[in-house]
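Following: one structure in structure tokens, then a few remarks.
Quick note: residue numbers are just sequence positions, from 1. Both ligands and their constituent atoms are indexed starting at 1 by order of listing.
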Amino acid sequence: MLKKITLSIFVIVVLAGILAARDRGQAAGRGPAQGRLGAMRAGFGVWFDELAEAYEQQDKEKMGRLIEDMRQRRQRFQGGMSGPDRPARPGTPDRPDRPMRPGPGRSPQGEADASFMASSPMPRTETEKKILQVLDDMNQNQRRGMMNVPVEDGRLLRLLTEAVGAKHVIEIGTSNGYSGIWFCLALQKTGGKLTTHEIDSRRASLARENFKRAGVDKLVTLVEGDAHENVTKLKGTIDVVFIDADKEGYTDYLNKLLPLVRPGGLILAHNISPRMADPKFLEAITQNPDLESMLHGQMSVTLKKR
Ligand SMILES: C[S@@+](CC[C@H](N)C(=O)[O-])C[C@H]1O[C@@H](n2cnc3c(N)ncnc32)[C@H](O)[C@@H]1O
């Protein structure tokens, strides 16, 4: 059994390597018109490097996360394409005799996906512009080994934080500060602050550098060490909690932090997929009448009801 798993992983890694090498070659030298496809292919190269690294380290959790991530990206990409190689599209649920019009924004099942409304953040101020530039640079050059949220999830973190007017955000799992900087994009408007926790000192010091160059270091308190211990020292009310660290620890973080979350506050958790989420955590956020939870991509969004 173990041999079979190792062999399948090896085959995936080799195939992905060949495709990545080919795609890197093809992506090079493309003009701006091919930007989106080129960026996607370059992203695939980064994905492959991370998978190879995880394979070398026999980090099964990371391999699982990367494969899940690629599966979702593939689904999103298929939803945004049309052409002779796409599967036939079924009719609409209410008019099964009438096929959906092919084109961007439809999944192979004929459901609308997000690609029909492609957008990117538009800075309104010089401060926003500077922060977004740093995020873009981190996205292009620092992703490897950092396990950062995808750009779209970062945008959602910012949007929710700004919408609830958050004054205090708690993050578990800083890494190099990528998601933290998305929070800061909101917090510099709401007048709030971020307390973020990281156990790995190398990632923590990279995060400090990134917070500084984005000009948001004054908004951030980075607590280095085991967050399971450190969150017990937190005081005051919390508007938003973001859990993105050790998967088996999510329920413990929730139990320790939920009492501090204000009514109307949010608990967000990342890597919520069938393979990675702890069933106890899923139960805790879905079976409590005080909470309202839904899943957006790989992120669970939970409201502590008023
Ligand atoms: C998925 S990454 C976080 C990514 C980050 N939120 C982002 O999107 O940029 C998870 C991080 O949690 C950290 N971590 C794992 N267990 C931890 C713990 N017990 N206390 C604090 N940090 C922890 C890891 O070192 C890692 O950097």
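The H228 neighbourhood of ligand 1 comprises atoms 19 (N), with distances under 4.0 Å to a heavy atom of that residue. Interface atoms of ligand 1 facing D200, defined by a heavy-atom separation under 4.0 Å, are 25 (O). The A227 neighbourhood of ligand 1 comprises atoms 18 (C), 19 (N), 20 (N), 21 (C), with distances under 4.0 Å to a heavy atom of that residue. With ligand atoms numbered from 1 in the order given, ligand 1 contributes 6 (N) to contacts under 4.0 Å with heavy atoms of E171. Within ligand 1, the atoms closer than 4.0 Å to a non-hydrogen atom of S175 are 3 (C), 4 (C), 5 (C), 27 (O), numbered from 1 in the order shown. Every atom of ligand 1 with a heavy atom of Y253 under 4.0 Å away is listed here by number and element: 18 (C), 19 (N), 20 (N). Contact atoms of ligand 1 toward R203: 24 (C), 25 (O), 26 (C), 27 (O) (distance under 4.0 Å to a heavy atom of the residue). Each of the atoms 18 (C), 19 (N), 20 (N) of ligand 1 lies under 4.0 Å from some heavy atom of D226.
Atom 10 (C) of ligand 1 has its closest protein heavy atom at D244 O, 3.0 Å. In this structure, atom 23 (C) of ligand 1 lies nearest to the protein heavy atom I199 CG2, 3.6 Å. At the shortest separation from atom 16 (N) of ligand 1 among protein heavy atoms lies D246 OD1, 3.4 Å. In terms of protein heavy-atom proximity, atom 7 (C) of ligand 1 is closest to S179 OG, 3.0 Å. Looking only at heavy atoms of the protein, atom 25 (O) of ligand 1 is closest to E198 OE2, 2.5 Å. In terms of protein heavy atoms, atom 1 (C) of ligand 1 is closest to M147 O, 3.3 Å. Among protein heavy atoms, atom 9 (O) of ligand 1 sits closest to N148 ND2, 2.8 Å. Nearest non-hydrogen protein atom to atom 8 (O) of ligand 1 is V149 N, 2.8 Å.
Note: S300 OG to I285 CD1 = 4.0 Å, rounded to the nearest 0.5 Å. Note that the CG atom of L185 and the CG atom of L159 stand 10.5 Å from one another [nearest 0.5 Å].
Using a 4.0 Å cutoff on heavy atoms, T174 counts as a contact of ligand 1. Ligand 1 does not have G180 within reach: every non-hydrogen atom of the residue lies 4.0 Å or more from it. Contact analysis leaves W182 out of contact with ligand 1, as no non-hydrogen atom separation drops below 4.0 angstrom.
For the salt bridge (Lys or Arg N to Asp or Glu O under 4.0 Å) criterion with E224, the lone passing option out of R202, R208, R203 is R208.
Within 6.0 Å of NZ in K212 there are 12 or fewer heavy atoms belonging to other residues, nucleotides or ligands.
Looking at H168 and T195, their side chains do bring a donor and an acceptor atom within 3.5 Å of each other. Counting only N and O atoms by type, the side chains of Y253 and D246 include a donor and acceptor under 3.5 Å apart. A donor-acceptor contact under 3.5 angstrom links the side chains of Q142 and N210, judged on distance only. Side-chain atoms of R155 and S120 include no donor-acceptor pair closer than 3.5 Å. A donor and an acceptor atom, one from each side chain of E171 and S179, are located under 3.5 Å apart.
Geometrically, ligand 1 and G173 share a nitrogen or oxygen pair separated by less than 3.5 Å.
In terms of heavy atoms, H228 sits closest to K256 at O-NZ, 3.0 Å.
The closest side-chain heavy-atom distance from R143 to Y178 is below 4.5 Å.
With respect to D290 and K304, no salt bridge is recorded, no charged nitrogen being found less than 4.0 Å from a carboxylate O.
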